[in-house]
Amino acid sequence: MLRLLVMLASIANCAGGLVLIGTWAAMWQRVPIIVLFIGASLLIQGAYTILYLRGDLDAWGDVATGALFAGEGLSACIGAGGLVQGIIHNINNADMEMAPVLAGLLMLVQALLALLYLLVSGRLDPAVHGRSSAGR
């Protein structure tokens with residue numbers, strides 16, 4: 001069930017990223033370049049997680065899991081920061097900008113779900129992969 005939630009959140013991130021990239025491409029004269037970068041971040045985060053969950057990155061072994069863990073940890077921090085900044089901006093200004101709030105929320109929720117998946121599935125436990133910390 002958790003794997004399905006992570007997959008759905010990843011698909012939502014890809015869709016949100018494509019919308020932001022398309023918005024910037026259609027109105028690049030009026031839309032700040034940061035919209036393109038946030039869209040690309042959402043797309044990369046979602047696509048990598050989908051590839052990981054499908055098993056397409058299994059050939060990379062533990063490197064794929066480590067990259068997912070590091071990327072999702074960073075995404076959780078950036079998403080939380082963007083969410084808080086968007087909410088503060090909306091409180092202090094009359095123009096309610098919901099796109100930054102939603103982008104931060106998408107990034108944060110998907111990152112937290114993916115990190116929870118890694119933890120619950122035991123993929124972060126070195127003993128599961130035939131190693132132990134005692135031998136190092």
Side-chain angles (χ1 to χ4, degrees):
M1 181 66 175
L2 182 59
R3 186 178 183 280
L4 176 64
L5 285 175
V6 175
M7 184 67 81
L8 290 174
S10 299
I11 292 168
N13 267 19
C14 289
L18 290 173
V19 166
L20 289 177
I21 292 168
T23 300
W24 182 84
M27 299 183 290
W28 63 270
Q29 301 91 349
R30 293 176 282 166
V31 177
I33 189 86
I34 190 70
V35 172
L36 175 65
F37 295 134
I38 292 170
S41 297
L42 288 171
L43 182 61
I44 291 167
Q45 179 189 14
Y48 186 88
T49 306
I50 289 170
L51 290 173
Y52 183 86
L53 292 175
R54 287 178 29 138
D56 294 336
L57 304 176
D58 287 348
W60 292 9
D62 289 342
V63 172
T65 302
L68 183 67
F69 178 73
E72 297 298 356
L74 288 171
S75 293
C77 294
I78 299 299
L83 178 63
V84 169
Q85 187 276 332
I87 291 170
I88 290 171
H89 172 80
N90 286 344
I91 289 171
N92 293 329
N93 295 296
D95 66 335
M96 298 293 281
E97 296 277 345
M98 291 311 296
V101 174
L102 291 174
L105 189 61
L106 278 172
M107 193 176 287
L108 176 62
V109 168
Q110 198 252 323
L112 292 176
L113 286 172
L115 289 170
L116 183 62
Y117 171 77
L118 288 174
L119 183 66
V120 169
S121 67
R123 294 182 183 243
L124 297 178
D125 186 12
V128 172
H129 300 288
R131 296 184 315 266
S132 71
S133 59
R136 292 184 185 177

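- Among residues two or more places apart in sequence or in another chain, the side chain to side chain contact (heavy atoms under 4.5 Å, CB included) test is passed with Leu105 by Leu83, Val109.
- Within the structure, every pair that satisfies the side-chain hydrogen bond (donor to acceptor under 3.5 Å, both in side chains) test and touches residues 9-23, not counting sequence neighbours, is listed here: Ser10-Gln110, Asn13-Gln45, Asn13-Gln110.
- Hydrophobic clustering of Ile, Leu, Val, Met, Phe, Trp and Tyr side chains at less than 4.5 Å, counting indirect connections, keeps Val19 apart from Ile11.
- At a threshold of 4.5 Å between side-chain heavy atoms, the hydrophobic network of Ile, Leu, Val, Met, Phe, Trp and Tyr places Leu5 and Met107 in two separate groups.
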Output side-chain donor-acceptor pairs under 3.5 Å for residues 112-120, partner residues at least two apart or in another chain, one line each.
none

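- To the nearest 0.5 angstrom, Arg123 atom CZ is 4.0 Å from Tyr52 atom OH.
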Audit row: Asp95, His89, side-chain contact (heavy atoms from CB on, under 4.5 Å) steps and yes/no: CA-CA 9 Å; Asp95 66 335; His89 172 80; 3.6 Å; yes
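- Counting only residues at least two apart or in different chains, side-chain hydrogen bond (donor to acceptor under 3.5 Å, both in side chains) contacts with residues 27-44 are absent.
- Hydrophobic clustering keeps Leu108 apart from Ile38 (ILVMFWY residues linked when any side-chain heavy atoms are closer than 4.5 Å, directly or through intermediates).
- The cluster map of Ile, Leu, Val, Met, Phe, Trp and Tyr, joined by side-chain heavy atoms under 4.5 Å apart, puts Leu43 and Leu106 in the same cluster.
- Every side chain to side chain contact (heavy atoms under 4.5 Å, CB included) that Asn92 has, sequence neighbours left out, goes to Ile88.
- To the nearest 0.5 Å, atoms CZ (Phe37) and CG (Leu42) are separated by 14.0 Å.
- Closest of all the heavy-atom pairs between Gly46 and Cys14 is C-SG, 3.5 Å.
- Rounded to the nearest 0.5 Å, atoms CD1 (Ile87) and CE (Met96) are 9.5 Å apart.
- Applying the side chain to side chain contact (heavy atoms under 4.5 Å, CB included) test to Val35 and every residue at least two apart in sequence or in another chain returns Leu20, Trp24, Val31, Pro32.
- Partners of Arg54 by side chain to side chain contact (heavy atoms under 4.5 Å, CB included), not counting sequence neighbours, listed by chain and number: Met7, Ile50, Asp56.
- By the rule that hydrophobic residues join a cluster once side-chain heavy atoms approach within less than 4.5 Å of another member, Leu18 and Met27 end up as members of one cluster.
- With rounding to the nearest 0.5 Å, the separation of OG1 in Thr49 from CG in Leu57 is 9.5 Å.
- Among residues at least two apart or in separate chains, there is no salt bridge (Lys or Arg N to Asp or Glu O under 4.0 Å) pair with a member in residues 33-48.
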